[in-house]
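Being a predicted model, the structure only gives us computed values, none of them experimental. Side chains are part of it too, since the values below use all heavy atoms of this structure and drop only hydrogens, waters and symmetry mates. Residue numbers begin at 1 in each chain, while the letters A, B, ... track the order of the sequences.
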Amino acid sequence: MQYAQIILPLNLKGTFTYKVPDELFSVIQPGMRVLVQFRGKKIYTGIVFELHNQEPIEFIPKDVISILDEQPILPPEQISFWKWLSEYYLCNLGEIYRFAFPSSLKLESETYLKLKPNTVIEFENLDVNEMYLIQALEVKQLINLTDIEAFIPKKDIIKTINSLIDLQYIEIDEKISEKYKAKEVAYVKINDEVLRNQNLTEILLKLNKAKKQKDLFLHILEKQTENPDLPIKKSQLFEDGYFVSAHFKSLADKNLVEEYYLRKDRIESYEGEIEELEELTETQEVAKAEINEAFSEGKNVLLHGVTSSGKTHIYLEKIEDCISEGKNVLFLLPEISLTKQITQRLEKKYGRQLAFYHQKLTDFEKVEVWRRIKNNDIRILIATRSSLFLPFQNLGLIVVDEEHDSGYRPREVSPYFNAKDAALVLAKFYDAKVISGSATPSVESYYSARKGKMKYVFLGERFGSVKLPEFELINFKEAQDSKKVSGNFSLRLIDEIKKTLEDKNQTIILHNKRGYASVLECESCGYVNYCSNCDVVMTYHKSANEMKCHYCGQRASKPKVCPKCFSENLNERGVGVEQIHEEVSKIFPDSEVDRMDVDSMRKKFAYEKLYEKIEERETDIIVGTQMISKGLDFDHIELVAIPKADSMLYVQDFRAEERAYQLITQVSGRAGRVSGEGKVLIQTYNPDHSVFQLIKMNNISKIYKYFLTERQKFNYPPFTKLIMIELKHRRDEKVNRASQFLGSVLRKYLPEDCVLGPERSQISRLNNLYQFQILLKLPRGKKYQEYKSLVLLSLKEFDEITAYQSVKKDVFVDF
DNA sequence: AGCACGCCGACT
DNA sequence: GTCGGCGTGCTC
């Protein structure tokens with residue numbers, strides 16, 4: 001094989017042909033990384049996609065400089081998967097490569113390196129090249145590969161860098177975004193000072209007046225001396241209810257104890273003992289048997305289990321089955337913060353054979369996981385969507401937890417693929433099985449399971465036969481007419497919250513809108529505050545006292561007077577979660593009311609602190625956005641209230657009702673998890689709306705039947721396939737013309753009723769880019785392939801118009 | 001993607 | 001007369 005098709009880490013179509021020099025002939029294999037030159041002197045790490053003997057005629061290929069791997073870094077299953085992904089989602093292989101690989105595995109000319117802070121370097125163990133590079137970095141803090149070419153031979157560069165990265169002397173400079181929040185857990189210890197200097201008897205004497213504080217102090221002291229290396233979890237202190245956090249706080253105020261935080265999601269071994277799994281309940285046993293049956297028939301499974309039905313328990317059983325057969329497991333989550341119970345159990349059992357993978361790891365940590373997966377050192381990987389590209393060996397099972405979650409398909413990061421669907425395909429290449437699980441499966445998955453493409457396994461009962469919460473609809477219009485309201489709350493709702501407070505239980509209030517008011521409007525001239533980058537009004541955030549654009553993140557100070565007519569009367573329109581929080585605090589002045597949304601959780605440890613507060617039952621009422629539907633599994637939440645439920649339904653999106661159903665169901669799952677006495681109050685102007693009525697009846701098959709009928713009526717998925725094409729450009733005129741042109745080309749090839757638009761996107765300008773979109777509704781089945789190739793043809797025709805090349809084009813398959 | 005090339009207006 | 005904006009073309 002004389003020629004290689006190479007994938008480059010650039011967003012370019014297809015692969016590039018390079019000549020394999022004689023000396024590399026016998027070594028080169030698909031899936032290996034190679035060093036190549038591209039465009040003049042630039043060096044890139046590419047991946048061998050295919051080898052062949054066909055000499056290119058239109059250009060003279062360059063040589064492969066060198067091979068970086070002894071064994072292919074990508075197994076053949078992954079190469080097939082990449083190929084499928086790029087064809088199905090109409091994205092470039094280079095895009096996938098960039099997304100899939102950690103930076104230090106794809107070094108290129110523009111990669112910048114720096115010394116790792118606080119490292120002691122042992123020079124005597126370094127070779128000449130390594131020494132040069134370290135010295136260069138001591139002089140100049142940041143160096144890129146092009147700079148390095150000046151003093152290290154091209155062929156040795158990557159080797160030198162890799163060896164220094166391995167030694168942890170240097171690292172890749174990646175301006176890691178500030179968003180990163182490590183999941184940390186609070187631990188406690190006796191103040192170091194106290195242990196060193198002070199007289200214990202004296203301290204205890206002083207504490208004699210506060211018995212509980214003294215007990216707590218002794219408790220911590222005892223634990224700490226018993227096993228100095230085992231950190232003491234703060235939450236553990238309050239488990240049996242004898243101590244409360246106020247006791248701890250008093251001790252901390254006296255400087256006797258202190259709390260500290262440790263990162264939770266680090267790859268670390270666990271030394272505790274392994275608990276045996278509890279027996280499955282009868283219902284769970286049945287579900288497990290059904291899964292086994294499905295697997296033996298070669299079918300994948302959709303596990304539809306109501307909230308608290310113990311899906312996790314079943315996953316665990318199947319994970320252990322898979323591992324005991326000698327195969328490995330990938331456990332997918334929509335976001336890594338949701339590790340919760342599953343991790344604890346698995347960490348105990350598998351220790352170092354368990355690892356985590358997600359985009360918030362440092363580059364070094366990512367490479368570490370890559371290496372261990374490659375060496376088949378990991379039995380189970382808990383990870384987000386980017387893990388699908390890891391070089392798995394012997395993969396036997398993929399679990400997709402919370403399969404309905406939109407986190408599997410973020411719209412902002414390319415390549416645009418749906419991880420839950422891609423997981424099914426990846427599993428096929430590995431001959432592995434998939435369990436997708438959710439309490440509220442997506443309509444598409446439900447349909448596909450009901451059609452027999454997957455096995456549908458239903459768990460309709462909560463663990464331990466605990467009853468599901470009871471739903472009640474409150475007619476807000478009626479309440480208003482009879483003057484039984486206070487602000488956004490009906491007296492009925494206030495009454496129920498009061499009752500819950502009296503029983504010393506907790507309430508969750510869902511209001512899925514950030515900020516205080518969605519608009520500030522001038523009373524006299526109607527002026528509203530638009531974002532300067534986007535065609536969107538800015539939201540008023542009272543707690544931060546500023547205006548925010550929720551789309552581009554821009555902030556502005558709150559206007560005191562109308563900038564246009566100088567009127568001082570600015571009306572707040574549209575209720576946000578901050579306002580609901582304020583209202584609730586006023587109605588219940590003696591209760592602890594906390595807010596949970598992205599804005600209030602931005603501060604370091606904010607989430608951890610609130611979590612513990614709720615766990616210790618210091619918080620009485622939690623007001624929050626959709627964030628509260630995830631991960632809040634507490635025993636004493638008995639009431640879930642949704643004061644303005646209508647706002648969820650009136651969103652311009654054919655999935656709005658499905659989303660509302662999922663959100664309401666997920667949040668209500670927090671209520672009465674132990675008592676079985678949970679209550680959900682939905683306040684609405686439209687109590688007769690089908691979605692609310694169906695939720696109240698809690699008849700799952702009817703709900704899905706309703707969704708499916710609606711989808712069929714309006715030709716939406718799963719009855720059709722959607723492709724959305726979005727065009728963006730700084731100049732409105734240009735993108736308008738471009739999208740008209742693309743629309744006409746598409747209509748040339750496709751039937752009229754398949755092409756909708758072009759029309760302005762819902763947000764016509766975002767980040768200073770004007771946006772237009774075209775929606776394609778294509779038939780399913782065999783015809784789809786045919787139609788899709790026509791779409792591809794149209795896109796190609798569009799790409800040939802040079803004038804439109806500067807128009808950014810995003811294609812979302814299965815929109 | 002990202003970089004060089006080339007064509008126009010705003011400055012010393 | 002030059003600096004730098006961005007539209008265009010091209011990469012094995």
Could you tell me the separation between the [atom1] atom of [X] and the [atom2] atom of [N], rounded to a whole number of Å?
{"X": "A:Tyr3", "N": "C:dC12", "atom1": "OH", "atom2": "P", "result": "15 Å"}
{"X": "A:Arg39", "N": "C:dT11", "atom1": "CZ", "atom2": "C1'", "result": "6 Å"}
{"X": "A:Tyr44", "N": "C:dC10", "atom1": "OH", "atom2": "C1'", "result": "13 Å"}
{"X": "A:Phe99", "N": "B:dA1", "atom1": "CZ", "atom2": "P", "result": "16 Å"}
{"X": "A:Glu58", "N": "C:dC12", "atom1": "CD", "atom2": "C1'", "result": "11 Å"}

Using side-chain contact (heavy atoms from CB on, under 4.5 Å) as the criterion, list what pairs up with A:Lys564, not counting sequence neighbours.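 Once residues adjacent in sequence are excluded, the partners of A:Lys564 under the side-chain contact (heavy atoms from CB on, under 4.5 Å) criterion are A:Cys525, A:Tyr527, A:Cys562.
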
I'd like to check the side-chain contact (heavy atoms from CB on, under 4.5 Å) partners of A:Gln773; sequence neighbours left out, ordered by chain and number.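 Once residues adjacent in sequence are excluded, the partners of A:Gln773 under the side-chain contact (heavy atoms from CB on, under 4.5 Å) criterion are A:Met724, A:Glu726, A:Ser761.
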
Only pairs at least two apart or in different chains count here, so list each ring-ring contact (aromatic ring centres under 6.0 Å, His included) that has a residue in residues 7-36 of chain A.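 Residue pairs passing ring-ring contact (aromatic ring centres under 6.0 Å, His included), neighbours aside: A:Phe16-A:Phe38.
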
Among residues at least two apart in sequence or on other chains, which ones pass salt bridge (charged side-chain N to carboxylate O under 4.0 Å, His left out) with A:Arg747?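 Listed in chain order: A:Glu752.
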
Counting only side-chain nitrogens and oxygens, does A:Lys42 get under 4.0 Å of the OP1 or OP2 atom of B:dC3?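 For B:dC3, OP1 or OP2 has a side-chain N or O of A:Lys42 closer than 4.0 Å.
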
When you check the side-chain N and O atoms of A:Glu403 and A:Ser436, is any donor under 3.5 Å from an acceptor?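 No pair is found: no donor N or O on one side chain lies under 3.5 Å from an acceptor on the other.
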
Looking only at side chains, do A:Asp814 and A:Asn418 share a donor and an acceptor under 3.5 Å apart?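 A:Asn418 and A:Asp814 do not have a side-chain donor-acceptor pair below 3.5 Å.
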
Would you indicate what A:Pro61 reaches in the nucleic acid, counting non-hydrogen atoms under 4.0 angstrom: base, sugar-phosphate, or nothing?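 Sugar-phosphate contact only - A:Pro61 comes under 4.0 Å of backbone atoms but never of a base.
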
Every protein N/O within reach of nucleotides 7-9 of chain C N/O, cut-off under 3.5 Å:
from, atom 1, to, atom 2, distance (Å)
C:dG7, OP2, A:Arg730, NH2, 2.4

Cation-pi check, A:Lys374 onto A:Phe392 ring (under 6.0 Å, within 45° of axis):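 No cation-pi geometry.
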
Using a 4.0 Å cut-off on heavy atoms, which residues in residues 6-24 of chain A reach DNA chain C? List them by number, or say none.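 Result for residues 6-24 of chain A: A:Leu12, A:Phe16, A:Thr17, A:Tyr18, sorted by number.
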
Yes or no on side-chain hydrogen bond (donor to acceptor under 3.5 Å, both in side chains) for A:Tyr88 and A:Asp421, after CA distance, side-chain angles and deciding distance? CA-CA 11 Å; A:Tyr88 186 85; A:Asp421 297 335; 5.9 Å; no

